[in-house]
Each structure stands twice: as structure tokens, then as C-alpha cells.
Amino acid sequence: MTIRLHNTKTRTKEVFKPIDPSNVRMYVCGPTVYDRAHLGNARPVVVFDTLFRLLREVYGTGCVTYARNFTDVDDKINDRAAATGRTIRDITDETIGWYHADMDALGALRPTHEPRATDFIGQMIDMIGTLIERGHAYAAEGHVMFEVRSFAEYGALSGRSVDDMIAGARVEVAPFKRDPMDFVLWKPSDAVQPGWDSPWGRGRPGWHIECSAMSYELLGAAFDIHAGGIDLQFPHHENEIAQSCCSHPEAGFANIWLHNEMLMVEGRKMSKSLGNFFTVRDLLDKGVPGEVVRFVLLSTHYARPMDWTAEKAEQASATLRKWRALAEGVEPSAPDATFLSVLSDDLNTAGAIAELHRLAAAGDAAGLVASARILGLLLPDLGDWATVAGPDAEVSALIEALLEARTEARKARDFARADALRDGFAAAGVVVKDTATGAEWSLAPGFDAEKLKALV
RNA sequence: GGCGGGUUGGCGGAGAGGUUACGCAGCGGAUUGCAAAUCCGUGAAGACCGGUUCGAUUCCGGUACCCGCCUCCA
């Protein structure tokens with residue numbers, strides 16, 4: 001199976017060739033843990049979880065290493081700690097717990113490694129020291145700055161030159177910067193801010209250095225895939241490349257860069273700064289199942305913006321219900337070859353879902369389940385929402401009696417009574433299917449036993 | 001201002017230089033006392049203007065509009 005991926009760095013679709021097929025390595029930028037994850041945060045998680053699953057399918061379950069970080073040192077966390085009087089560790093531990101619960105609900109596998117920035121401060125300090133030694137960084141007034149002019153390829157990922165950026169840039173002016181685009185590797189902490197001892201005094205790392213240090217520690221100086229939201233392309237990923245390539249010039253850092261487009265709400269990017277976001281937990285609490293959220297997120301190609309709408313969720317829910325009914329009790333076979341080849345073409349999840357429709361229409365339930373699971377759909381653990389708890393004996397007897405009454409009414413050509421029962425079943429949440437061999441029934445979500453009793 | 005992405009049928013949303021995407025909704029039919037479910041069939045598209053080509057929605061150029069990044073952000 002050939003996997004092709006659109007590499008942001010080269011702006012072309014490339015055949016994916018792992019450095020080491022027995023250890024395919026992928027790094028995804030994870031959340032800053034100070035609050036619940038919003039739906040926009042969930043998009044890369046689900047998209048790259050799907051890539052993780054595909055890579056495991058192609059190269060072997062044990063042959064893929066996936067690292068996704070937790071940024072647990074950040075001024076937003078400090079602000080929250082100051083505002084609430086809680087400790088930073090307390091806040092970040094709680095937030096990581098929420099994150100795990102919410103992403104688990106979306107069917108995302110836990111990455112192989114989930115490093116916390118605060119566990120790698122020493123490695124960051126080492127890397128900063130190396131950058132200074134090699135002439136790529138300088139200490140000034142308790143800060144350490146990366147000197148962008150020292151790295152000729154700075155701007156290559158995002159297609160900008162340092163001069164272009166400065167032209168119309170809104171950059172932070174600091175007197176100790178040699179160039180306005182220089183960014184911070186280390187900054188001093190005051191008495192209440194979290195800080196660590198370093199050769200440059202007590203301080204804390206800048207945002208970008210953690211990903212360079214942690215990817216190096218966990219995946220090595222060169223690895224296969226680095227992924228994240230398109231909004232991270234600049235400056236975050238550009239700065240990561242500068243740090244990593246200048247620390248380890250013999251290696252190439254990440255071979256392939258993948259960027260997912262943004263999630264939109266009413267035509268605008270969902271973001272915390274715009275305040276137009278809702279959390280994954282909000283949706284789950286409203287009764288939108290995680291599997292449905294996942295289906296909607298995968299129904300648009302990752303490189304295109306997508307709008308979240310309630311209508312999409314309803315359609316996804318109906319489709320998944322149908323598929324789950326078809327697949328009930330079916331043992332998965334091998335994933336469908338066409339499905340895999342479509343998905344392998346730059347992670348075309350929307351096209352892959354179309355293939356699932358084809359399998360379902362062809363009645364290939366075993367192939368449907370096996371294929372859907374590569375997308376993280378139709379997993380055994382995510383299906384509770386689609387099946388209503390089995391009716392108790394009293395309800396079953398009542399439904400059978402009412403069905404019998406409907407049959408009698410029909411025989412007597414009392415269609416008013418028959419229609420009332422028909423409509424009553426629907427209103428109570430009993431789905432009745434009349435087949436050649438008699439009526440079949442099942443309970444829909446929102447089944448209401450009281451409405452059923454009123455029909456007697 | 002600089003850089004990047006987009007514009008597909010009623011809605012959502014893919015691929016492919018020439019043949020049905022697909023899903024939902026609609027319409028017609030089968031079935032039904034009427035429905036539901038199911039099955040069969042079916043209409044409908046590619047912002048605008050040029051170019052390349054035997055042929056472009058698909059490639060190239062331009063225009064318009066939309067979105068993102070350039071500041072924390074997935």
C-alpha cells in the first residue's frame with residue numbers, strides 16, 4: 001500500500017517513505033492545558049489519530065511511534081493560577097484529565113508518548129546552550145533569543161523571507177533584540193512565576209523550544225511526520241525548524257509536514273480569541289455522541305476548512321445507526337482494498353467514507369466494519385449510543401399487545417384505530433417495520449414508555 | 001502591505017483532461033388499507049473572463065469574492 005501525503009514544506013503530494021519502516025515516527029503539536037478542549041482542538045486530534053491508525057495498519061501496530069505533547073508551562077496557565085489561587089500543577093493535571101476523557105470519547109487512541117513540557121526543562125536548557133555555542137542564539141537581559149538571521153532557511157516552511165515579514169509585521173519591540181523577528185528561547189521569571197535555574201538565571205522556556213527538545217528526545221533528530229493546525233505553520237513550526245535544524249544540522253528534522261485547516265463556525269475560524277467556540281464536552285453533554293463528532297470531523301478533507309453544523313451531526317448519526325445495525329454481531333474481515341487506497345491518498349477521509357457507503361450498499365458488513373475501524377468508526381467501545389438499552393419484559397409485552405391490537409384493528413378495517421397506534425408508536429419512540437414475515441420493532445433513542453402506555 | 005488556501009448540483013462533499021462520485025433532501029415506481037422501513041429508477045453542478053487542447057469543472061493566466069497566517073491559538 002502506497003501512502004501519499006501533501007507535504008506543506010514542499011507544497012506537493014509525495015509518496016511517503018519512512019526513514020525506518022519498523023519504526024515510523026510522528027509528532028503532533030498538542031494542547032496548552034489550561035482549559036477544556038474546544039471542537040477546533042479536536043480536529044487535528046481526530047485527523048492525525050486516523051493517520052496513526054492507517055500507519056499502524058500499513059506498517060504494523062508496533063511499528064509506529066506517535067508523540068503528542070502537553071504544554072504545561074505557559075502564561076495563560078500562570079494567569080489562571082493567579083486568578084484562582086490554585087497551583088499550576090493542580091490546574092494542568094485536571095486539564096489533562098479532561099483532555100484524555102474528551103479525546104477518548106472521540107475514539108482517539110492515546111499516543112505512544114504524551115510528554116509534558118515541564119518534564120523536559122533540562123533538555124530544553126541543553127538545546128538552548130547548544131544554539132548559543134553554535135552562534136544561533138544570544139543571551140541578553142536574562143533572555144535568550146534565537147537569531148533568525150543566522151539560519152538562512154528561516155521562512156522556508158511558510159514561504160516568507162525575514163525581510164518580507166518585517167515589512168508589515170506587528171512584532172514585539174524589545175531593545176535587546178538584534179533583529180525584530182528574533183524569538184525567545186528563554187525568559188526570566190519573577191518571584192511568583194514558575195521558573196527553573198539556568199545558566200541565564202531563573203526563568204522559563206519560550207513556547208517553541210519544547211517541541212524541538214521533546215521531539216529530539218523521543219523521536220530523534222530526524223523523523224517522518226510533523227503535524228498540527230495550519231495556524232501553527234508560522235511562527236511555531238518555522239521556529240521549531242530553526243531550533244532543531246541549528247541544533248542538529250546533520251539531520252533533517254521532520255521529513256513531512258502536515259497541516260490541517262481550521263474548523264469554522266458561522267464562516268469564521270473557531271478560536272478562543274474570537275470567543276466563538278464550544279467545547280467537545282459541551283457537545284457530549286448535549287447528547288451528541290463522540291462517534292458522531294468524529295464522523296463529522298472526518299467527512300471533510302483535513303486540508304480544507306470545515307463548518308460544524310447540527311445538520312451534519314444529524315446525518316452522521318443516521319448513517320452510523322444504519323451501519324451499526326447492518327454490522328451488528330459481524331466479525332470484521334480485512335479492510336477493503338479500494339477503501340485503503342482512497343484513504344492512503346493524502347488521508348482522503350471523505351472519499352473513504354464514500355467507500356464505506358459503497359460497502360454498506362453492497363451488503364459487505366464484514367468489510368464495512370474492518371474498514372470503518374481504520375477511521376476509528378464502528379469501534380466496539382463507541383457504540384453504546386446507537387443501541388438503546390434492551391426493553392424490559394413489561395414493555396416488550398405491551399408492545400406485542402399493541403401490535404396485536406393494530407393487527408386486529410386492520411382486520412376489522414378500523415383504520416382510525418390502526419393509524420392511531422401507528423402514530424403512537426412513532427411518537428413513543430418505537431420503530432415498527434412491517435415485513436413479509438410480520439412486524440418487527442425496536443426502540444429508538446428517546447423512547448418514552450409513558451406515551452406507549454397511553455395507547456392502550 | 002506580504003504570504004498561503006478556497007469558490008462544485010437544493011444542502012454537504014470527493015475524484016478524474018474525455019466515461020454515474022458518494023451521502024442527505026427531491027421526484028417517479030415497487031410495496032402498504034394509508035404510512036414507516038426497504039428496494040428499483042431519476043433530474044440537478046463546478047464563481048467570472050481568457051488561454052492550451054480534438055476535448056477542461058479538471059492544466060495555465062487574469063478578475064471578483066471568501067477564508068487563514070503575519071499577535072496567544074489546532
Side-chain angles (χ1 to χ4, degrees), chain A residues 6 8 11 28-32 34-35 37-48 68 71 74-76 79 155 157-172 181 183 207 227-238 259-264 267-274 277 295-307 309 311-312 314-316 318-319 322 325 342 345-346 348-358 360-361 409-416 418-419 421-423 425-426 430-436 439-442:
Chain A
H6 180 87
T8 314
R11 292 159 220 282
V28 174
C29 289
T32 301
Y34 66 103
D35 204 357
H38 66 69
L39 190 61
N41 299 126
R43 190 173 187 194
V45 172
V46 167
V47 163
F48 298 121
R68 185 183 62 207
T71 300
D74 180 274
D75 287 345
K76 286 191 288 292
D79 293 346
L157 177 71
S158 49
R160 322 156 186 238
S161 72
V162 174
D163 293 323
D164 286 348
M165 285 185 275
I166 291 168
R170 290 165 281 178
V171 288
E172 188 188 351
M181 293 309 294
F183 60 90
W207 173 37
I230 186 69
D231 53 342
L232 294 182
Q233 186 187 30
F234 188 90
H236 183 56
H237 290 159
E238 200 73 71
H259 290 103
N260 63 278
E261 255 292 352
M262 297 291 97
L263 190 79
M264 316 291 281
R268 303 210 59 95
K269 170 183 158 181
M270 176 184 277
S271 77
K272 288 190 173 166
S273 50
L274 291 174
F277 69 96
F295 187 109
V296 173
L297 290 177
L298 292 179
S299 65
T300 298
H301 185 90
Y302 73 88
R304 309 186 65 131
M306 86 159 287
D307 244 320
T309 66
E311 191 189 354
K312 285 181 183 177
E314 277 168 32
Q315 287 190 10
T319 300
K322 208 161 75 177
V342 169
D345 184 7
D346 197 25
N348 183 358
T349 52
I353 286 172
E355 289 304 312
L356 295 183
H357 281 294
R358 185 180 57 76
R410 282 174 173 175
K411 274 186 190 164
R413 303 196 68 77
D414 179 1
F415 295 127
D419 289 354
L421 287 167
R422 180 196 68 202
D423 296 340
F425 277 129
V430 181
V431 180
V432 178
K433 293 182 193 175
D434 289 315
T435 71
E440 294 174 5
W441 60 270
S442 58

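Note that the structure is a prediction, hence the values are computed from the model and not measured. Letters go in sequence order (proteins before strands), and every chain restarts at 1.
B/rG4 and B/rG62 have their P atoms separated by 12 Å, given to the nearest Å. Nucleotides B/rG50 and B/rA36, compared at atom P, are 49 Å apart to the nearest Å. Comparing B/rC39 with B/rC24, their P atoms are spaced 10 Å from each other, to the whole Å. Rounded to whole Å, the separation between the C1' atoms of B/rG1 and B/rG55 comes to 42 Å. Rounded to a whole angstrom, the distance from the P atom of B/rU52 to that of B/rG10 is 32 Å. B/rG61 and B/rC69 have their C1' atoms separated by 26 Å, with the value rounded to a whole Å. Taking the P atoms as reference points, B/rA35 lies 47 Å from B/rC67, given to the whole Å. Taking atom C1' on both B/rU19 and B/rU57, the two are 15 Å apart, rounded to the nearest angstrom.
Look at CZ on A/Arg413: it is 13 Å from P on B/rU32, rounded to the nearest Å. Rounded to whole Å, the distance from CG on A/Leu274 to P on B/rG68 is 8 Å. Taking atom NE2 of A/His237 as the reference point, atom P of B/rA74 lies 10 Å away to the nearest angstrom. To the nearest angstrom, C1' of B/rG5 lies 6 Å from CD of A/Glu261. Atom-to-atom, CE of A/Met264 to C1' of B/rG6 comes out at 10 Å; the value is rounded to the nearest Å.
Nearest heavy-atom pair across A/Asp231 and A/Met262 is OD1-CE, 3.4 Å. Scanning both residues, A/Arg11 and A/Leu157, for their nearest heavy atoms gives NH2-O, 3.2 Å. When every heavy atom of A/Asp434 is checked against every heavy atom of A/Ala439, the shortest pair comes out as OD1-CB, 3.6 Å.
At a threshold of 4.0 angstrom between heavy atoms, the contacts of A/Asn348 are confined to the sugar-phosphate backbone, with no base atom among them. Base engagement by A/Val432 is indicated by at least one non-hydrogen atom pair under 4.0 Å involving a base atom. Note on A/Ser158: only backbone sugar-phosphate atoms sit closer than 4.0 angstrom, heavy atoms only; bases stay farther off. The residue A/Ala418 sits close to a base: some heavy atom pair falls under 4.0 Å. Residue-level contact check: A/Gly267 touches the backbone only, with heavy atoms under 4.0 Å from sugar-phosphate atoms and none from bases.
Qualifying side-chain contact (heavy atoms from CB on, under 4.5 Å) partners for A/Ala418, counting only residues two or more places apart in sequence or in other chains: A/Arg406, A/Ala409, A/Arg410.
Counting only heavy atoms from C-beta outward, the side chains of A/Thr319 and A/His357 approach each other to under 4.5 Å.
Taking 3.5 Å as the limit, the base of B/rA35 and the side chain of A/Asp434 contain a donor-acceptor pair of atoms between them. Contact of A/Asp419 with B/rG33 (side chain to base): a donor-acceptor pair of N or O atoms is detected under 3.5 Å.
Comparing B/rG33, B/rG13, B/rA14 by their nearest atom to the side chain of A/Lys312 picks out B/rG13. For A/Phe415, counting side-chain heavy atoms from C-beta on, the closest listed nucleotide (B/rG33, B/rA36, B/rC69) is B/rG33. Proximity note for A/Asp231 (side chain, C-beta onward) versus B/rG23, B/rC72, B/rC69: the nearest is B/rC69. The side chain of A/Lys322 has B/rC24 as its nearest neighbour among B/rG4, B/rC24, B/rA74. In this structure, of B/rA74, B/rA14, B/rA35, it is B/rA35 that holds the atom nearest to the side chain of A/Arg410. The side chain of A/Phe234 sits closest to B/rC69 out of B/rA14, B/rC67, B/rC69. Distance from the side chain of A/Arg11 is smallest to B/rG4 among B/rC67, B/rG33, B/rG4. Each of B/rC24, B/rC69, B/rA74 was ranked by its minimum atom distance to the side chain of A/Asn41; first place goes to B/rA74.
Toward the 5' end of RNA chain B, the nearer of the two residues A/Leu232 and A/Ile353, judged by each one's closest nucleotide, is A/Ile353. Remark on RNA chain B: of its neighbouring residues A/Glu311 and A/Ala354, the 5'-side contact belongs to A/Glu311, judged by nearest-heavy-atom nucleotide.
Distances shown here put a side-chain N or O of A/Arg268 below 4.0 Å from the OP1 or OP2 atom of B/rG68.
Stems are defined here as 3 or more consecutive Watson-Crick or G-U wobble pairs with pairing distances under 3.5 Å; those involving RNA chain B are B:1-7 with B:64-70, B:10-12 with B:22-24, B:26-30 with B:38-42, B:47-51 with B:59-63.
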